[in-house]
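Residue numbering restarts at 1 for every chain, and letters A, B, ... go by the order of the sequence lines. Because only heavy atoms are used, hydrogens play no part in the values below, and waters and symmetry mates are left out as well, while side chains stay in.
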Amino acid sequence: MEKYAEYETEDFLQDESFVEWVLNPETKARHPWTAWIKANPAKKDTVQQAINIIRSFNFKQEPVPAGFYTELIKRIDTTIHREEEERLLNTPSPFKKMWRAAAIIGGLLIGGAAVYVLMQPSRTAISTPYAAIKTVVLPDSSEVVLNANSDIRFYPDWKTHARKVWVDGEAFFKVRPARGGEAAPFTVYTSEAEIEVLGTEFNVKSIDHSTAVMLRSGKVNFRIPGKRAATVMRPADYCYYNSSQGGITTRTVNPALYTSWMEHKYRFQETPAREICQTLKAYFGYDFVIKRPELEEQRISGTLELQDERLLINVLADLLDATVTRNGEEVIIE
Amino acid sequence: MTNPSFDLHQPYEDQYLVQQIRSGDYTAFTRLYNKYAPALTQYGLKFNVGLPEIEDSLHDIFVWVWANRQKLEVRHSIKSYLFKSIRTSILHALEKTNKVRSIAPEEENSYYFELELSPENLALQNENQRLVRAQVAGLLNTLTAKQKEVIYLRYYEGLRFEDIAANMNLSVKACYKIMGRAITTLRENMPNSRVLLLFLLYLQQF
């Protein structure tokens with residue numbers, strides 16, 4: 001640090017390490033600068049001058065209205081979600097026309113739904129874009145982990161409204177037992193099913209007119225009001241209902257397979273490739289197209305890292321013993 | 001110096017945030033927003049623009065960051081990147097409305113950068129510090145927008161000269177030169193009295 005003996009105030013002010021030292025008080029005690037100043041009393045004036053100048057640079061903060069930052073992040077969330085949806089609709093693929101048609105019909109349905117929703121007390125809606133997950137704390141401090149391209153809605157005030165949450169997509173619930181002033185049952189609704197719970201942890205997946213629930217702990221009542229069907233679930237039970245196939249099917253599963261998405265991993269056991277492609281599509285938002293029909297029903301087991309797309313494609317190729325290529329907004333398996 | 005956004009581990013914390021965002025973690029993205037939106041807003045307001053313009057700029061910047069998260073460089077300072085983005089966005093908006101003649105680096109006062117010291121507070125424990133403050137306050141008015149901006153980014157936001165130079169389209173050398181001129185003006189107007197005594201008091205803090 002010999003050159004510092006020749007330093008003037010302005011040299012100190014322009015020295016990166018000196019400035020860092022003055023700006024970060026918590027590191028001062030053991031810093032080389034502290035020792036240097038003690039060893040160079042001749043530079044005390046110069047150094048102090050520099051310190052005083054730096055300390056005087058404390059600038060006025062302009063007032064910003066309350067709610068400015070929360071309103072802005074809501075606007076950012078909305079744009080991101082909308083853009084991801086548009087990206088999906090503009091995907092060049094053989095399904096493009098179908099998507100367009102679906103979008104128009106969906107638009108009509110959403111339009112109808114919007115009118116309906118406007119007549120209700122307003123619900124809080126939280127959604128995730130593709131390839132992202134989010135943790136949401138509900139008004140009763142129950143937690144929901146929301147998988148990619150999913151949304152939940154609920155009334156913000158749970159003192160006057162019962163504990164009810166509407167799910168589209170996939171979500172994992174950690175429900176707290178009811179406290180004073182809260183309704184005891186906690187109900188999760190999908191487009192076709194109702195899940196009534198009393199303090200428990202479970203996963204809900206609601207896509208394409210089907211609902212699947214995996215119970216990790218506790219007890220829930222899985223009901224299909226339209227079919228007057230119901231079943232009481234035990235831990236590790238997996239219940240599946242598809243509106244085009246009839247009744248509720250129940251089987252016992254390994255819960256870890258159904259919750260690995262929370263660690264950005266997709267684990268599966270003896271699962272047909274077709275089903276894996278559906279799950280990946282729901283997560284990433286682009287098509288996974290199997291070009292060899294015999295591969296569709298091939299059952300494979302493994303774990304895919306959802307965070308690393310290149311690795312995911314390589315692992316998928318190994319598991320299926322096929323060529324997997326990303327082609328724009330499509331992944332081709334052949 | 002009270003600057004709550006300052007944190008020694010900031011570069012490491014930011015690198016970690018960028019890694020999480022790249023992997024598609026939306027919660028990390030929200031954390032990045034919460035961490036920097038207020039500082040970016042304060043910086044933006046210095047350019048003599050209204051909150052609605054800043055809101056639009058921040059909206060576009062954060063939407064871009066998420067959409068292009070794979071392109072983020074873990075090693076590059078995300079903080080510096082965000083500051084550069086809002087600066088460019090605001091100056092472009094001002095250029096459109098003709099409030100700024102040009103953002104050419106050679107022009108000294110082609111834009112506004114309004115800098116005022118915060119109201120005097122208890123952190124200034126002694127007379128000398130108060131004196132320095134009063135003189136700095138007076139001298140700020142004599143500095144160019146560019147000089148004030150470099151001072152703000154270096155000593156208030158803690159960005160490195162290299163990043164500041166890149167953000168303001170200057171060479172590092174030109175950035176030092178701007179800084180040097182500003183500091184020389186400040187130093188020549190500083191009183192040297194009683195500095196020694198005060199320095200001894202200062203050292204007792206360690």
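In this structure, the separation between OH on B:Tyr26 and CG on A:Leu146 is 12.0 Å, given to the nearest 0.5 Å. Note that CD of B:Gln42 and CZ of A:Phe59 are 12.5 Å apart. Values are rounded to the nearest 0.5 Å. Atom NZ of A:Lys134 is separated from atom CG of B:Asp25 by 11.0 Å, given to the nearest 0.5 angstrom.
Only the backbone of A:Thr135 comes within contact range of chain B, with at least one heavy atom under 4.5 Å from a heavy atom of that chain. For B:Leu45, the part lying under 4.5 angstrom from a heavy atom of chain A is the side chain only. Using a 4.5 Å cut-off between heavy atoms, B:Tyr33 contacts chain A through its side chain alone, with no backbone atom that close. Contact annotation for A:Ile133: only backbone heavy atoms (N, CA, C, O) come within less than 4.5 Å of a heavy atom of chain B. If you measure heavy-atom distances from A:Asp77 to chain B, the contacts under 4.5 Å come from both the backbone and the side chain. B:Glu55 touches chain A through backbone and side chain together, each having a heavy atom under 4.5 Å away. B:Phe29 touches chain A through its side chain: at least one heavy atom from C-beta onward sits under 4.5 Å away, while N, CA, C and O do not.
Nearest heavy atom pair, residue A:Pro129 against residue B:Trp66, reads CG-NE1, 3.9 Å. Contact detail for B:Thr41 and A:Val64: the closest heavy-atom pair is CG2-CG2, 4.0 Å. Taking all atoms of both residues into account, the shortest heavy-atom contact from B:Gly158 to A:Leu23 is CA-CD1, 4.2 Å. Considering every non-hydrogen atom in both A:Tyr130 and B:Arg69, the closest pair reads O-NH2, 4.0 Å. Taking both residues in full, the closest heavy atoms of A:Glu16 and B:Glu162 are given as OE2-N, 4.3 Å, listed atom of the first, atom of the second, then distance. When every heavy atom of B:His59 is checked against every heavy atom of A:Thr79, the shortest pair comes out as NE2-OG1, 2.6 Å.
Contact check for B:Arg160 versus A:Val19: no side-chain heavy atoms found under the 4.5 Å cut-off.
Between chain B and the residues A:Arg75, A:Gln307, A:Glu305, the most heavy-atom pairs under 4.5 angstrom are made by A:Arg75. Heavy-atom pairs under 4.5 Å with chain A were tallied for B:Asp56, B:Asp60, B:Asn34; the largest tally goes to B:Asp56. Put simply, of B:Thr30, B:Val63, B:Thr27, the one with the most heavy-atom pairs under 4.5 Å next to chain A is B:Val63.
Using cut-offs of 30° and 60° on the angle between ring planes, the pair A:Phe57 and B:Tyr155 is parallel.
Using a 3.5 Å distance cut-off with no hydrogens or angles, the side chains of A:His264 and B:Ser23 do not pair a donor with an acceptor.
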